[in-house]
Peer 1: 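Questions regarding the structure given below will be posed in turn.
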Amino acid sequence: MTKFLLAVHVIAAIVAIGPVTVAASMFPPAARKVLEAPDDASALATARLLHRICQVYAVAGVVVPVFGFATASDMGVLGDTWLIVSIALTAAAAVVLAALVLPRQSAILEGAGKAGVPQGGQEAALPEGVPQEGTLREAVVDRAATVRLAMFTGIFNLLWATVTVLMIIRPGSTTGA
């Protein structure tokens, strides 16, 4: 049973976490492209798709720790330090994604929509009193926001990379590497 649980855990990590790390890393440059070319519907569609991938696979990623706990329990390693550290880092990665990455992606996309970028083939209405030149875009979504998002995405990716290394090396494990 341990081999089955471990296989599901590893496959889930590859299938669910991999796309989030890639799509989240691609989002900041895609968002900057939206800023540079506000009339480019393709750039906005790309940013929206990357955000949707992050949202969907973040939810699917819940399977990874579920099967991780099941595997660790079956192996009798729930109290091992390497696993406790991995659990803490996984929780930290989840918080970074849920509290720092996904909301900032949403805010950037909402800001792009409020700035008159076409949505569904129609021009979004600008709030009254906002000039048509796109000044709202700079106020709502600026390059600095995408840079901060890239930083948080990098932290998320680094946390997952560290968890992956700990899962492979398992320092101090008595079950072998």
Peer 1: Taking it one step at a time, do C54 and V101 satisfy side-chain contact (heavy atoms from CB on, under 4.5 Å)?
Peer 2: CA-CA 9 Å; C54 290; V101 174; 5.7 Å; no
Peer 1: Who else is in the cluster with I14 when I, L, V, M, F, W and Y are joined by side-chain contacts under 4.5 Å?
Peer 2: L6, V10
Peer 1: Looking only at heavy atoms, what is the nearest atom pair of L100 and L149, with distance?
Peer 2: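 In this case the closest contact between L100 and L149 is O-CD1, 4.3 Å.
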Peer 1: Mind checking side chain to side chain donor-acceptor pair (under 3.5 Å) for T162 and listing every partner two or more places apart, or none if nothing turns up?
Peer 2: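 Applying side chain to side chain donor-acceptor pair (under 3.5 Å) to T162 gives none.
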Peer 1: Check whether D80 reaches the backbone of W82 with its side chain - one donor and one acceptor, N or O, closer than 3.5 Å.
Peer 2: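 No, D80 side chain to W82 backbone: no donor-acceptor pair under 3.5 Å.
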Peer 1: Would you check, one step at a time, whether the test side-chain contact (heavy atoms from CB on, under 4.5 Å) holds for L109 with L44?
Peer 2: CA-CA 8 Å; L109 290 174; L44 182 60; 4.0 Å; yes
Peer 1: Can you tell if the side chain of R52 reaches within under 4.5 Å of the side chain of V56, non-hydrogen atoms only?
Peer 2: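 A side-chain contact exists here, since the closest heavy-atom pair is under 4.5 Å.
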Peer 1: Grab the two heavy atoms, one from A112 and one from V34, that are nearest each other, plus how far apart they are.
Peer 2: CB-CG1, 4.0 Å
Peer 1: My understanding is that a hydrophobic cluster links ILVMFWY residues whose side chain heavy atoms are under 4.5 Å apart, including indirect links. Using that, what else belongs to the cluster containing I11?
Peer 2: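 Members other than I11 - counting any ILVMFWY side chain reachable under 4.5 Å - are V15.
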Peer 1: Considering only heavy atoms from C-beta outward, does the side chain of I155 approach that of M151 to under 4.5 Å?
Peer 2: yes
Peer 1: What are the two closest heavy atoms between W160 and A93, and how far apart are they?
Peer 2: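 Heavy-atom minimum between the residues: NE1-CB, 3.6 Å.
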Peer 1: Considering all heavy atoms of both residues, which atom of V20 and which atom of A58 are nearest to each other, and what is their separation?
Peer 2: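 Heavy atoms of V20 and A58 come nearest at CG2-N, 3.6 Å.
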Peer 1: In the structure I gave you, are the side-chain heavy atoms of L83 and M167 within less than 4.5 Å of one another anywhere?
Peer 2: yes
Peer 1: Answer yes or no: is there a donor N or O on one side and an acceptor on the other, between the side chain of H9 and the main chain of V64, under 3.5 Å?
Peer 2: yes
Peer 1: Just by distance, do the side chain of S73 and the backbone of F69 share a donor-acceptor pair under 3.5 Å?
Peer 2: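 Here the side-chain-to-backbone pair does not exist.
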